[in-house]
Every structure is written in C-alpha cells, then in structure tokens.
> 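Quick one: the structure is below, and I'll ask about it shortly.
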Amino acid sequence: MATNASSTEDVPPEEAQPTKQNGEANQNNKPAKDTNAGHESLKYSLLGPSLTKAGQDSVDQSKVSEIIYEASKGSKFFSREEAKDKILTAKISHILAKKARLDKLDLTRDLRAADTLIAQLELSRDLTQHIVHLDCDAFYAAVELLDRPELADVPFAVGGGVLTTCNYVARKFGCRSGMAGFVAKKLCPQLVFLPLNFEKYNAKAAEVREVLAEYDPRFESASIDEAYLNITEYCAEKGMGPAEVVEQMRREIHEKTKITVSAGIAANSKLAKICSNMNKPNGQFVLPSDRTAIMEFMRDLPCRKLNGVGRVFERELAAVGVKTCGDIYGQRQYLNQLFGEKAYEFLMTCYLGLGRTSVQPAEEYERKSVGTESTFKDMSDPVQLREKLRWTAEELEKDMRRAECKGRTLVLKVKLHTYEVFTRQVVTPKAVYLADDLYNYSLPILAKLEQERPGMKLRLMGLRCTHLVSTKKPDTLAFFGLKPRRTESAGSADEQSGSPHAKRVQRDGEWEQWPEEALDGYELEMDKDGTSETREQSGSPFRRHGKEVLSNPTPKKAQSVPEEEWWDCPICSRPQAANERLFNEHIDLCLSRQAIRDTVQQEAALSSTGSTGTTPESRRSGSVGEKKRGRPAHGRGPDPRQKKLCFG
DNA sequence: ATACATACC
DNA sequence: CACTGGTATGTAT
C-alpha cells in the first residue's frame, strides 16, 4: 500500500483499455497485472459511497481502504463483492469494445443529434428561480448529541450492524455511514455505538420543517434530513438576496432546533444539491444563476458528485474518458449508444447544468411500492422459512395499512447466504394487503424457488407490493366529486414531463380499478380501531430513512384559517383545494368522471375502455396555480420530474 | 410483464 | 465482533 499512497486516493482505478487490434473481451483476463488491478477497483468499491462525502478530506483513504480490505477479505460478503466486481469489469470491457466498434463507423449523425439535443435543452434553461437544498449535518448523530453532550469530542456512531451515520470525529478515522460496525471498530477502536431512535429523529425533523415552512410553505422533504425550497418569492417579498436569506434561515434553524444545516443555493435543484455538499458541515455555497458560471462549475465537477451517478456508473464513465461533467461534451456522440437514451439525456442535462426548478411537498408524490425485508441467521429449513414468510407478510400488512393502499403485484425477495439476490413476482387476482393474502400468494413462489435451488440457505427475506391502489378516503370522495380534496393525494406526479400521453395511459390503468376499490376503501376505513390515528402519530415508530410521509407544517399565519382558499372547478363548479397540481388532477377527473360512472353502472367491473378520457392538454398551460406562486411555467422541454434518480 | 442492477439516504 | 432497510428507476428480455 505504500506504493499507491497519494496518487490513487480519490480517483477510481483505471480501466484496461482495449488494444487496437482485437476489440473483443480478452484484454481484461490478462493474468499478471489483472489480479492487482482487480483488487484496486474492488478496494475502491469497498470504500463505499461516502468517499465523496464531507468529513473525509483529511483521511488517508488508501490506509482506510487497506484496513477495510483486510477486515473484509475471506468473508462471504467479500466474495460476493469480488464476483460483482468481476462482472462489472467484464461489462466495462464490453462497453469499451463497443466503443472501439463505433469508432470505425461514421458518428456524424450521433454528433449532430447530440448538438441538436443540447440546443433544445438550452432553450429550457430557467435562471429565474432561487432553489435551495438543505442538508442537516450528520443528522442522527447531531440529534443524539443533544441528549449526550459529553460525546462532543468522542467518535460515535448511530446504528448497530451497519452505521447509519457517525459524527465528524469518527469520520476522521475513516468511519462513514453504510459501513459495517465491525469494520468501523477496526478503523476506530474507541468508537462508541448508539442505538437508533427514530421517534427522536422524526420529532427533531418536524422542528426543522417548522422553520422551513416560513420560507417556503411548499418546500419538499427529500428525506428525513434533507429538503428543497424555492425561495424566489421570499427573496422578492423581503427584498433580500438568496445568500442572505439562507444565512438567516440556517441561523434560525440553529437557534430553534440546535441543529446545524448546510445549504446549496442555485438555479435548480440538481445544482443546489451539489452545492449543499461544498461547504459541509454548517456552511453554504451559492452558485450564481449565470450561464457561464454554471458551465464552468460543471466543467470541472467530477461525475460522481451528480445525484444518480454511483460507483458503477462512475467507473463506466471513467472507462470511456468521462471523469468530469465537462468531459461529457467530448464524448457526446457515443453516449446514447453506449449507455442508452435515458442515461445519455441525463448526462447532457448534467453537462449543461440543467435541472428541475419545481419544488413540491413530498406528499404530492405518488408512492409506487411498499415493502419490508429483514436479515437473519442463515436459514434453510422449509418450515422455518414459511414461518418467516408468514411473519414478513404480517409486517407488510401493517405497512400497507399505514400507507392506506393495496397492491396488485407482490414481489418476493430473497438473499442467499452467499449474498446472491433473487426476486420473484406475481400479479395477484385482486388488490391485496392482508397478511393472509400476502402469505398465500407469495408462498407458491417461495416454493418454486426452493424447487429451483434445493436446500437454499437464506439470510434475508422480503415482500413488496407494487402497482398500488390507494384506499384513502379523501381520494375516493374527490373522485366522485363529493368533496374537494385537501391534503392527501394518490395522484400521479407528472408535471411538465413533455409527453403527457405516457402518463395518461398509466392513469387510465389506475382508474379502471377505482370503482371496485373505492368501496373496499370505505370498508378499510370503517374498521376504525383508532389505528389510523396512532399509526401516523407515534403508535409504532415508522422507521424510515426514505421520503417522509408527513405533511408540511402549516404556516402559522394560516393556522387560524386552515382552508382559506379555494379555486372553483370550471367543469363541476365545485370548490377545489388551492393547489395547482391537485386542481389540474381534479379537472382530469372531472373530464372523465361521467365515463367512469357509466362504467360503474354497467358493472363491467374490470377493464373499462370507456374510461379513457381524452383530456385536452391546453388547460395545463396557463394554470392558475403558477400565477399564484409567482413561478413561471417551466419549459415544456425534457426537464424531468424526477425525485431521486434523474434519468427521466 | 419479469428479473435484476443501480442509486439514494 | 461480522456488511441494513425502504423506495425508485433503468435495462434487458
């Protein structure tokens, strides 16, 4: 390790380039160098995702990587990582071979297509909004520290088998979130472990959100400790600059919650997210909303900093000569063919520094799946496996009740003792959520798996429902126009996605099921055992790292008059919640409601092609809400509506 | 539609 | 000591 001390620290290992002559896969199996090279990428991979994260700057990464490597090697986990690394290496050599083949062709067309796309994307650039990404610093650790101030200078971590997070003292030793506890202990023998306490974190997160709502009542919770805000209006109202506003907001958050946050301020959410990492912890960074400044910023930005580029994609990109976002331009003629359309478009928007400027409360996003999984001691006894499946089904039922939905597809996930993962799914004949149904429909696929690999030993089992059908009462009522919708929504999250048709089709799919499900929904609600209250509040801790399900706090001003504003639907004339997206959805519903009613009456309960309401697109343009918010309608261009991954 | 891989926190 | 859990999304088939 002495040899690779400083030069290889932060960069991914080089891929073997294919030799000029034979473009096929051979190069990566050359014996002498490859054992070493293979380990380099494996070690890099074992370093984990937080390499690029804050707090690791002063750490000797090669030393850390060596310790992790030594601690891990020989384990089944390690073997699996090794195998995965080999697969990736092969995949990369395949990509390189393809690139070599492309090089022999005339790529003028691809080059022109890329330039056209760039020009088109450029038209959608919106520099008028001030978007902020806020990120609490080592959030769980910071919350724990409030109760245990004596830990301020000692390295500690939250979480058991795997570190959920750790404080900055521990990070100096190379510890990081996602790391196995025993590995962290090797890096830092004094490391103190604290158990997770989600109720505490959620309570503190709610305090932080109280403050955020003052600056943008429609802020978007991206996770328990992250949020996006659009402060354009706030800046205009107060006559303040965005940096000044965020300084003030961060000060206020710290005063009221004793939590420090870092912030990025930029013209769109993608840039803001990158910027919030620049001055962590307890700092902020402004990227001026100026095209040249943005292009220069992106030019030198390592691709790995992009939300959506992980270890694998980073390696693939590096292999074709793309290390920074600026490098994307030089390779633009290859990217579509090498990585596919979505990745290609994603990369182009990254090169240009484009991103979404829309920010909306998380509860306005539609949930796509609900699932649960757990790890346990290796198990192969079929009886025990069935017990485990039964238990998993019961856990999932609880989660489904909390989420107020049923699923039409059930996915069984299984991890073998070797860490290989399998999933198998079934479409259920009806939407399900009861443990009995979940168990009965998943049991046959478990049995089939057992048959496929006799005596399989499992270390994890999980069940997940997809193709969800909401059983929320407000939606049902809104659907039939009985009452305007307010807070909750199971609506789709399409925005200005450029191609409304795709979404429309999907929605029609949902609608087909609604008449039937609507009644079920009531039944589910009617069995009110008070759980729907206790569930959401504090009943059982909804242990979640992901998106928050809580609604945004109501701004104090409005609290006295909770439902102060309504917009009248132009079709049914009923008042609707003053929310641009819900309003548009309501119009969608109104336009096809009659068709749905017909369908229900015919009791052609299943497939109702009649419900395919051909909704006019025109109304989406000058929507009332956009004026209300003082935010310009975003370009119709391919600006994505994504939540996490940005390939869309 | 199904299976698998990747990514994020 | 002994490598998580929940959700979303992309690609290949």
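By convention in this document, chain letters (A, B, ...) are assigned in the order of the sequence lines, proteins followed by strands, and residues within each chain are numbered from 1. The structure presented is a predicted model; accordingly, all values stated were derived computationally and were not measured.
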> Give a yes/no answer on whether the side chain of A:Thr423 brings an N or O atom under 4.0 Å of OP1 or OP2 in B:dA3.
no
> Nearest heavy atom decides the nucleotide; on that basis, is A:Phe339 or A:Lys415 closer to the 5' end of DNA chain C?
A:Lys415
> Rounded to the nearest angstrom, tell me the gap between atom CG in A:Asp85 and atom C1' in C:dC3.
16 Å
> For the side chain of A:Leu460, starting at C-beta, report the closest nucleotide among C:dG6, C:dC3, C:dG5.
C:dG5
> Treating A:Ser262 as the side-chain partner and A:Asn282 as the backbone partner, does any N or O pair qualify as donor plus acceptor under 3.5 Å?
yes
> If only side-chain N and O atoms of A:Lys368 are considered, is one of them under 4.0 Å from the OP1 or OP2 phosphate oxygen of C:dT9?
yes
> Which part of the nucleic acid, if any, lies within contact of A:Leu306, taking any heavy atom under 4.0 Å across all strands shown: a base, the sugar-phosphate backbone alone, or nothing?
sugar-phosphate
> Rounding to a whole Å, what distance do you find between A:Ile87:CD1 and C:dT11:P?
19 Å
> Given C:dT7, is OP1 or OP2 found less than 4.0 Å from the side-chain N or O atoms of A:Arg464?
yes
> Should A:Thr372 be listed as having a side-chain N or O under 4.0 Å from OP1 or OP2 of C:dG5?
no
> Taking the side chain of A:Phe182 as heavy atoms from C-beta outward, which of B:dC8, B:dC4, C:dA2 is closest to it?
C:dA2
> Which nucleotide wins on minimum distance to the side chain of A:Gln425, given the candidates C:dG5, C:dA8, B:dA3?
B:dA3
> Can you identify which nucleotide, out of C:dC3, B:dA1, B:dC4, has its nearest atom closest to the A:His467 side chain?
B:dA1
> Between B:dA1, C:dG6, B:dC4, spot the one nearest the side chain of A:Glu373, thanks.
C:dG6
> Considering only C:dG5, C:dT4, B:dC8, which nucleotide approaches the side chain of A:Asn307 most closely?
B:dC8
> Using a 3.5 Å distance criterion without hydrogens, assess whether the side chain of A:Asn552 forms a donor-acceptor pair with backbone atoms of A:Phe219.
yes
> So among A:Glu364, A:Arg356, A:Glu363, which one has a side chain to side chain donor-acceptor pair (under 3.5 Å) with A:Gln360?
A:Glu364
> Atom CZ of A:Phe346 to atom P of B:dC8: distance rounded to whole Å?
9 Å
> For A:Lys280 and B:dC9, give me the distance from atom NZ to atom C1', rounded to whole Å.
12 Å
> Name the nucleic acid region contacted by A:Phe422, choosing base, sugar-phosphate or nothing; use a 4.0 angstrom heavy-atom cut-off, strictly under.
sugar-phosphate
> Of A:Val427 and A:Asp225, whose closest DNA chain B nucleotide lies nearer the 5' terminus?
A:Val427
> C:dA2 and B:dA7: how far apart are their P atoms, nearest whole angstrom?
29 Å
> Has A:Arg367 got a side-chain N or O lying under 4.0 Å from the OP1 or OP2 atom of C:dT7?
yes
> Here's a test for you: under salt bridge (Lys or Arg N to Asp or Glu O under 4.0 Å), which of A:Lys91, A:Arg311, A:Arg304, A:Lys98 qualifies with A:Glu316?
A:Lys91
> Can you identify which nucleotide, out of C:dT7, B:dA3, C:dT11, has its nearest atom closest to the A:Ser369 side chain?
C:dT7
> Whole Å only: how far is the CD atom of A:Glu314 from the P atom of B:dA7?
9 Å
> Nearest-Å distance, CZ (A:Arg176) to P (B:dC9)?
14 Å
> DNA chain C: A:Leu46 or A:Glu341, which has the more 5' nearest nucleotide?
A:Leu46
> Output yes when a side-chain donor or acceptor of A:Glu373 lies under 3.5 Å from a complementary backbone atom of A:Gly462, and no otherwise.
no
> Looking at C:dC3, does its base get a donor-acceptor pair with the side chain of A:Ser72 below 3.5 Å?
yes
> For A:Phe313 and C:dG10, what is the distance between atoms CZ and P respectively, to the nearest whole Å?
12 Å
> Taking the side chain of A:Lys342 as its heavy atoms from C-beta onward, which of C:dG10, B:dA7, B:dC4 lies nearest to it?
C:dG10
> Looking only at the side chain of A:Lys273 (C-beta and beyond, no hydrogens), which of the listed nucleotides C:dA8, B:dC9, B:dC4 gets closest?
B:dC9
> Would you find a donor on one side and an acceptor on the other, under 3.5 Å apart, between the side chain of A:Arg459 and the backbone of A:Tyr419?
no
> Give the rounded distance in Å between these two atoms: CZ of A:Phe198 and P of C:dG5.
11 Å
> Which nucleotide wins on minimum distance to the side chain of A:Glu226, given the candidates B:dC9, C:dC3, B:dA3?
B:dC9
> Go through A:Arg401 and A:Thr471 one step at a time and tell me if the side-chain hydrogen bond (donor to acceptor under 3.5 Å, both in side chains) criterion holds.
CA-CA 9 Å; A:Arg401 300 186 89 108; A:Thr471 56; over 6 Å; no
